[in-house]
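This report refers to the structure that appears directly beneath it.
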Amino acid sequence: MTPQSNFMVLAPIIPERESDLRKVLDSMNDGRGRVNPNNALIPFAQFENLHFARLLILDDNSLEDRAIYGLRSDFPLQFAFLGDIDGEEETFLKELAQSAPEGLRRLFSCCCDFDPGCDLLVWMKRHRSPAIANFVNCRGRTVRRIREEAQLQETLDRYVADNATTPGHMSPREVHAKLSEFVAAEKSAGRLMLSGETPTPIAWWIGNALHMICLPLLVLLASPLLLLALPFYLVRMRYLEKTDAEICPKVDRAHSEMLAEAEDRFVTNQYTAFGSRKPGLVRLLTIVGALSVVNYAARHITRPGHLGRIRTIHFARWVFLDDKERMVFFSNYDGSVESYMDDFINKTGFGLNAAFGSAIGYPRTRWFLFDGCADERKFKNFNRRHTIPTQVWYKATAYLGLTAVDLDRNSRIRKGVERLSMSDAEASEWVALL
Amino acid sequence: MSEADFDYADVQGLVRFGYGRLKSASYSLLRIKNAAAAREWLRDKLQSHAITTAVKGNSLPTTALNVAFTSSGLTELGFAEVINGFSNEFIAGMTQESRSRQLGDIGANAPSGWAWGYAEKEPHLVVMFFAEKEPFDVFVQNSKGAAWKEAFHEIDSLPTADLGGFEPFGFTDGISQPEIDWGQQRESKDIQPDYTNIVALGEFLLGYRNEYTKFTERPLLEADATTNELLAALDAPGKKDLGRNGTYLVMRQLEQDVRGFWQFIDEQAGGEAAERDKLAAAMVGRKTDGEPLVPIQKESIPGIDQDQASKNQFTFDDDPAGVRCPFGAHVRRANPRNADFPERPANVLKKLITMLGFGPDRFRYDLISSVRFHRILRRGREYGSELLPEQALQPAPPNEQPRGLNFICLNANISRQFEFLQNAWIASTKFSGLRGESDPLLGNREAILGCPAAGDFSMPNEGNLRSRLSDLPQFVTVRGGAYFFLPSLRALHYFAASRNP
């Protein structure tokens, strides 16, 4: 299995260069929300291991909210370049630095402390900004596998359409056998490719196993202490929940319309939310704890294709900025933002509250998991206010028109093709996928 | 509060009634020429009690009149300062470019080609006339009265036709409607484990609790001499609620290519009448007489009366593979009839398992949002002459008049109700795990970037490969549309009051 990983390069922007940077970013697009996948600066389509990428200026709309807690708000604007990839981060960054050095230099030259003579790879690594929590829809599903499985689905689709009358009299198992036979013939004729799994990198495997053990072990070891602290924590937490300010004014129309211009261009959309963490140790521990659990669950527990009940997210991540004072959430999801939010509120409201309840202005939660986003209007107002534009967004051209559910179906079709025999029930279910 | 105690006199009648017995109707789409004259006209209608309310009288009304305004209409009338309290989609209107992408109003549906609703043809208000056949013209003339010409410029007057309860394609229309919880009896805060047809009042009227037990956005005004008559907001007693007892009205003129529809299906059916009817029923999800394709269940469904049971007492729970009613069938898209959980969770543990995403590992499991947050009240009427399926197979005579549906729906939250439904369920080519098909009746067949296929229609077969139709033409074209606010009677009085210039 080739595991997925991600990268994020983050650097403050030289104030005088901001407008220049915006122009350069715009030049990578064909139009609002539509990147040119072969643009001269970073020709994304060339990178076969790249699922998603985005370049954006992290411009916080809600800095003024920090004043109610007496927090500073003199942060420089930052430039972020992030992506989700197959394989190792370092390998990808190396390839990136080799393939698009001029484009990268052009972009990074708008950032503070970028020396034109520097080694790009070293500079990017120095500006890494790792995620605290990370979600991959289906670990091991590479761009290549997605492409091959999509071709399989299309080939079968054509074959079935062209031979619509023949399978009519066959049982599902006979249909399965016949189609498997057809696929085998296509493969041996070289018209279809279904690559086998590559071996899982041993270092990754060990790291993953350690990660799996570590968090429970840590919790176990610390449990006497945690239990002791728990009553104090709960009392304080509940007090904060009752007294923290909600900041959910009606959505600013111009802001929302500006965001909407870039949305719904494809079946998949990007989403970036930016905000500040509520101050104090209790809130810090809460958010670090919650996101560690999210990260752990996403990595070791959730079923492939699922973030709780939600099946429309390809990749998502939470990143802390400025010494955990602020945080950004990035995701790539299918459908419109309205359905995305409804899905979250109705299906995974508790998760939303846990992951975002520590943000300044979030609708009032109760015992950390309850209420909060259940106030739909407040939550949607809060959310839209914290959504920031993404200047450049790329989704792999190999599956531009496919949703996460499409990818799931294609994987199921492939699994079926590779099975020698099936029960009647299994065959019925498989045939219904075609 | 009980249902009987509700203040129906403050609600325009269309919220409660479709006025089905009043066979004649027309919709005047107006721009305001003279705001003072427009207010005067409105005042006159209010004083003479011509604007029909939701009160159920002892005798049935013989005429009805309802009025709704767009946001530019309210501005034109002199109420620009209250606009900001309404929802953003109402303020921005239906024709905003990003909204058109969501609603599928692109290609032949694009607003730039509309007969009304776009740019200088955006209406300021719609006046809806309903009457029995005989006195209809007289009623319209009398309702307009003297001030009409001075007050308004008429962009269009949309006629309607009584097709005897059928829509132009020939299917029984308007069978499934949500039941409004006027008495606010339902405890909607609880998770709904079963499909219910009773929907919170706040989903259809502003100023009341919705399915989230919260209040939807609407203008809350300061109490002063001008707002004296308005009711106080239930969630902010110090404020006057301009939205209370009003709602949003979505109007879209949908032209239906009845010949194109039946001729395409006839071709697919190889000219066989029985097969033709079967294919058409699969696309709609009901037979022409309204009989659903899935069997009627024994257990009753809250909000579905005994007399509607034969047409409406069903869900798709027992058809998880879509072999009886295809996933993409129009009625299954428009109302998937599901609940908050994909299968009734038997206990807390089962619920937890589902919530964490460990339910059954089936491809289509739990793909569709809970329907109770996405219901609409449909109040549209057909236009154009009747054309039976057999007649539709004949070539069109020269100068054939268009036919279709003047679609009207009411909802308190346009983005979560009408727009969600139109976007995620009707227009989406990915609904319920489908690949490349939009609504077989309403879809625009336009490709999305990177996703070319949009013209299929799949019909799953039990234990076998699906049947499918390919290259469906576009059968329905949007000819106009706008978002209106259907005010309460009190709000109409507020709008009718004299304003200083």
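- A/Asp157 touches chain B through backbone and side chain together, each having a heavy atom under 4.5 Å away.
- Heavy-atom neighbours of A/Asp252 CG from other residues, nucleotides or ligands within 6.0 Å: above the threshold of 12.
- In this structure the side chain of A/Asp375 never reaches within 4.5 angstrom of the side chain of B/Phe215, judged on heavy atoms.
- Here the side chain of A/Lys250 pairs no donor or acceptor atom with the backbone of B/Ser87 at under 3.5 angstrom.
- A donor-acceptor contact shorter than 3.5 Å links the side chain of B/Arg466 to the backbone of A/Leu434.
- With sequence neighbours excluded, the residues satisfying side-chain contact (heavy atoms from CB on, under 4.5 Å) with B/Asp361 are A/Arg303, A/Arg412.
- Contacts of A/Ala374 with chain B are made by backbone atoms alone, with heavy-atom separations under 4.5 Å and no side-chain atom involved.
- Remark: the backbone N or O of B/Gly433 is paired with a side-chain donor or acceptor of A/Arg409 at under 3.5 angstrom.
- When atom types are taken as modelled, the side chain of A/Arg311 and the backbone of B/Tyr365 share a donor-acceptor pair closer than 3.5 angstrom.
- Salt bridge A/Asp264/B/Arg101: absent, no basic N to carboxylate O contact under 4.0 Å.
- Under the 3.5 Å distance criterion, the side-chain polar atoms of B/Arg416 are left unmatched by any main-chain donor or acceptor of A/Glu338.
- Side-chain N or O atoms of B/Asn88 include one that pairs as donor or acceptor with a backbone N or O of A/Val251 at under 3.5 Å.
- Proximity to chain A is absent for every atom of B/Glu419, based on heavy atoms less than 4.5 angstrom apart.
- Of the listed residues (A/Ser428, A/Ala297, A/Ser339, A/Gly335), the one with the most heavy-atom contacts under 4.5 Å to chain B is A/Ser339.
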